[in-house]
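Notes follow the structure.
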Amino acid sequence: MYASAYVWAKIINYLEERLSAVTVSAWFDDAEVVELNEEHLILYSASDFRREIIRRRCTQYIQDALKEIFNSDAKLIVFGDEELNSFKTKGKQSTSMDFNPQFSFDNFVVGPSNRFAHGAAIAVSNIPGQVYNPLFIYGPAGVGKTHLLYAIANGIRKQNPDANIVYIKGDQFTNELISAIQSGKNIEFRSKYREADLFLIDDIQFIAGKEATQEEFFHTFNKLYEEHKQIVMTSDRKPSDMLTLEDRLKTRFEWGLLADIQPPDYETRMAIIKNKATSLGLELPDDVCNYIAVNVTNNVRQIEGTVKKILAYRDLNDMPLDLPNISRAIDDMFKSEGNALPTPSLIISQVCKFYSIDEAVLRGTLKNKGTTEARQVAIYLIRKLTNLSLPDIGKEFGRDHSTILYAIRKVEVALKGGNDNLQNNIRDITANINSCL
């Protein structure tokens, strides 16, 4: 997990792009981060009025920011003085692994693009460990893979409240392993995952290319599989397309069932829009629904975000929900297919995830083999995938353009020299970046 100050700064930038800097300053001027972990972002505000505004109008924005920027499902909690004092007095309370109940099979909109994966997920939820083990769900970002993971967890929890359900993201699995090795807690780490009744791992592609992580995951997988414990994985690509994933893991991932999810067709998009609007208390005219469905075509998450933005505009501007108003309000969310370029921040974050390096270290001056390669790859990809000039790239790393040019040439020479490992790393990282667009 990133440092809370860094995460909060990114969230504030996200909010300012959607609500204006003046609005964000008015509502969050006294807000402080109390705690940030995998499950919760806890904020404190002394003002009763501001707390109510944040809870009622900004909760979804903040949770969307956590999901879009950090791929985190942490939920927002807002403390006042009483809650903060109680929290400090009692300390952190241990909690069981809970999953947002809104992610269920009942509210998953089924269409031709996801029917197979949806059916497989239901089967796994009904009789875990007996059919389709492992279940490997793959597809581009924002099409509902995590929704199905959570729906499986909620379904199994309903049948068996005492089930030991463990959920983790691929990059977090690596980070926890590193921490366990550093602190000498390998046994505790292994017990956490190898004693699960249901093991859910999101974005499994992030373990590819990491030797120690793949070794650990291999043994964890084997133990759970031999004991008929259900394993469910998601990825942005099928196992055979993970170039730096060990063959023995590719084989095991294909033992059960591979189920892909593609972007929804027009009819499914219309259903998603209407369902989301109803859940938010909106009544959208058919021409507005059609306008969204025609313009937002690839990403369920963006479709839902568009509907949420309409709700915010209605609440903040008290405008009628007709097509002219809606088109002006949400046109900035539409982008022509193929014209979206990744930002330097996105590229750097994906490189850091792949190499398990903190962003501050990547942007810093530390020089060792792993850090230097990661930094050079980040510079190379920013040059290749964006329109930034050498001096602009240099500003991202606090270096002059000649240093940036040297890094780019180092990577190019290595690639031309047949460095297959580096080539595969760059391919995987590029695929990770593209899946976020």
Side-chain angles (χ1 to χ4, degrees), residues 1-3 6 70-71 168-186 189 201 203-219 236 242-249 342 344-386 393-400 402-436:
M1 180 64 76
Y2 298 97
Y6 174 79
F70 300 101
N71 198 26
I168 191 71
K169 295 183 176 68
D171 58 316
Q172 292 174 349
F173 187 85
T174 297
N175 293 337
E176 285 194 16
L177 174 60
I178 293 171
S179 296
I181 293 172
Q182 291 175 337
S183 60
K185 295 183 178 180
N186 300 58
F189 173 84
I201 181 160
D203 293 324
I204 188 69
Q205 71 270 11
F206 286 118
I207 77 167
K210 300 179 175 68
E211 185 176 344
T213 302
Q214 291 181 104
E215 179 73 20
E216 190 67 37
F217 191 84
F218 173 79
H219 294 295
D236 63 355
M242 297 183 199
L243 301 177
T244 56
L245 185 70
E246 293 179 355
D247 288 339
R248 59 179 179 171
L249 284 177
S345 294
L346 173 60
I347 294 170
I348 289 171
S349 70
Q350 292 303 318
V351 170
C352 287
K353 276 187 177 182
F354 188 86
Y355 285 98
S356 300
I357 295 174
D358 187 87
E359 287 194 26
V361 174
L362 188 79
R363 295 176 186 269
T365 58
L366 178 65
K367 292 183 179 180
N368 56 49
K369 183 178 179 181
T371 304
T372 299
E373 178 179 309
R375 187 179 296 124
Q376 290 175 347
V377 166
I379 292 170
Y380 170 80
L381 287 174
I382 291 174
R383 180 61 169 173
K384 181 181 177 183
L385 301 177
T386 75
I393 298 173
K395 291 177 183 177
E396 292 288 334
F397 297 88
R399 289 162 169 81
D400 60 35
S402 61
T403 304
I404 298 302
L405 183 59
Y406 173 80
I408 294 169
R409 287 177 175 170
K410 283 284 289 185
V411 174
E412 289 176 342
V413 168
L415 293 176
K416 289 179 180 178
N419 188 329
D420 292 339
N421 186 57
L422 179 61
Q423 186 176 51
N424 290 339
N425 288 348
I426 289 175
R427 285 179 181 174
D428 276 353
I429 296 168
T430 303
N432 293 340
I433 292 167
N434 291 335
S435 72
C436 296

Between side-chain atoms of residues 204-213 and protein atoms elsewhere (two or more places apart, or another chain), which donor-acceptor pairs fall under 3.5 Å?
unit_1	atom_1	unit_2	atom_2	d
Q205	OE1	S235	OG	3.3
Q205	OE1	D236	N	3.4
K210	NZ	F206	O	2.6
K210	NZ	K353	O	3.3
K210	NZ	F354	O	2.5
T213	OG1	T174	OG1	3.2

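- The closest side-chain heavy-atom distance from T386 to I347 is below 4.5 Å.
- For T371, the side chain to side chain donor-acceptor pair (under 3.5 Å) test picks out N368, with sequence neighbours left out.
- Residues satisfying the side chain to side chain contact (heavy atoms under 4.5 Å, CB included) test with A431, not counting sequence neighbours, are R237.
- Partners of Q214 under the side chain to side chain donor-acceptor pair (under 3.5 Å) rule, at least two apart in sequence or in another chain, do not exist in this structure.
- Annotation: the span from L177 atom CG to F217 atom CZ amounts to 12.0 Å, rounded to 0.5 Å.
- Expressed to the nearest 0.5 Å, how far CG of L362 lies from CD1 of I357 amounts to 6.0 Å.
- Considering CD of E396 and CD1 of I382, their distance stands at 5.5 Å, rounded to 0.5 Å.
- Here the side chain of R399 pairs a donor or acceptor atom with the backbone of F397 at under 3.5 angstrom.
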Margin query: Quick one, I408 with I379, criterion side chain to side chain contact (heavy atoms under 4.5 Å, CB included). Give me CA distance, side-chain angles, the key distance, then yes/no.
Written below: CA-CA 7 Å; I408 294 169; I379 292 170; 3.7 Å; yes
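- Shown here are the salt bridge (Lys or Arg N to Asp or Glu O under 4.0 Å) partners of E373, two or more places apart in sequence or in another chain: there are none.
- Listed by chain and residue number, nothing satisfies the salt bridge (Lys or Arg N to Asp or Glu O under 4.0 Å) test with K185 (two or more places apart in sequence, or in another chain).
- Between D358 and C352, the closest side-chain pair of non-hydrogen atoms is not below 4.5 Å.
- The backbone N or O of I404 lies less than 3.5 Å from no partner atom in the side chain of R409, so there is not a single donor-acceptor pair.
- Side-chain contact between I426 and V411 is present, with heavy atoms from C-beta onward closer than 4.5 Å.
- For E412, the salt bridge (Lys or Arg N to Asp or Glu O under 4.0 Å) criterion is met by no residue, not counting sequence neighbours.
- Here the side chain of R427 pairs no donor or acceptor atom with the backbone of L243 at under 3.5 angstrom.
- Every residue meeting the side chain to side chain donor-acceptor pair (under 3.5 Å) condition with D400, not counting sequence neighbours, appears here in chain and number order: S402, T403.
- Side-chain N or O atoms of R375 include none that pairs as donor or acceptor with a backbone N or O of G370 at under 3.5 Å.
- Every residue meeting the salt bridge (Lys or Arg N to Asp or Glu O under 4.0 Å) condition with R248, not counting sequence neighbours, appears here in chain and number order: E215, E246.
- Every ring pair (Phe, Tyr, Trp, His ring centres under 6.0 Å) that F189 has, sequence neighbours left out, goes to F173, Y193.
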Can you give each donor-acceptor pair under 3.5 Å made by side-chain atoms of residues 413-425, sequence neighbours left out, with the distance rounded to 0.1 Å?
unit_1	atom_1	unit_2	atom_2	d
N419	OD1	N421	N	3.4
N419	OD1	L422	N	3.0
N424	ND2	D420	O	3.3
N425	ND2	N421	O	3.4

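- Not counting sequence neighbours, the partners of K410 by the side chain to side chain contact (heavy atoms under 4.5 Å, CB included) test are Q376, Y406.
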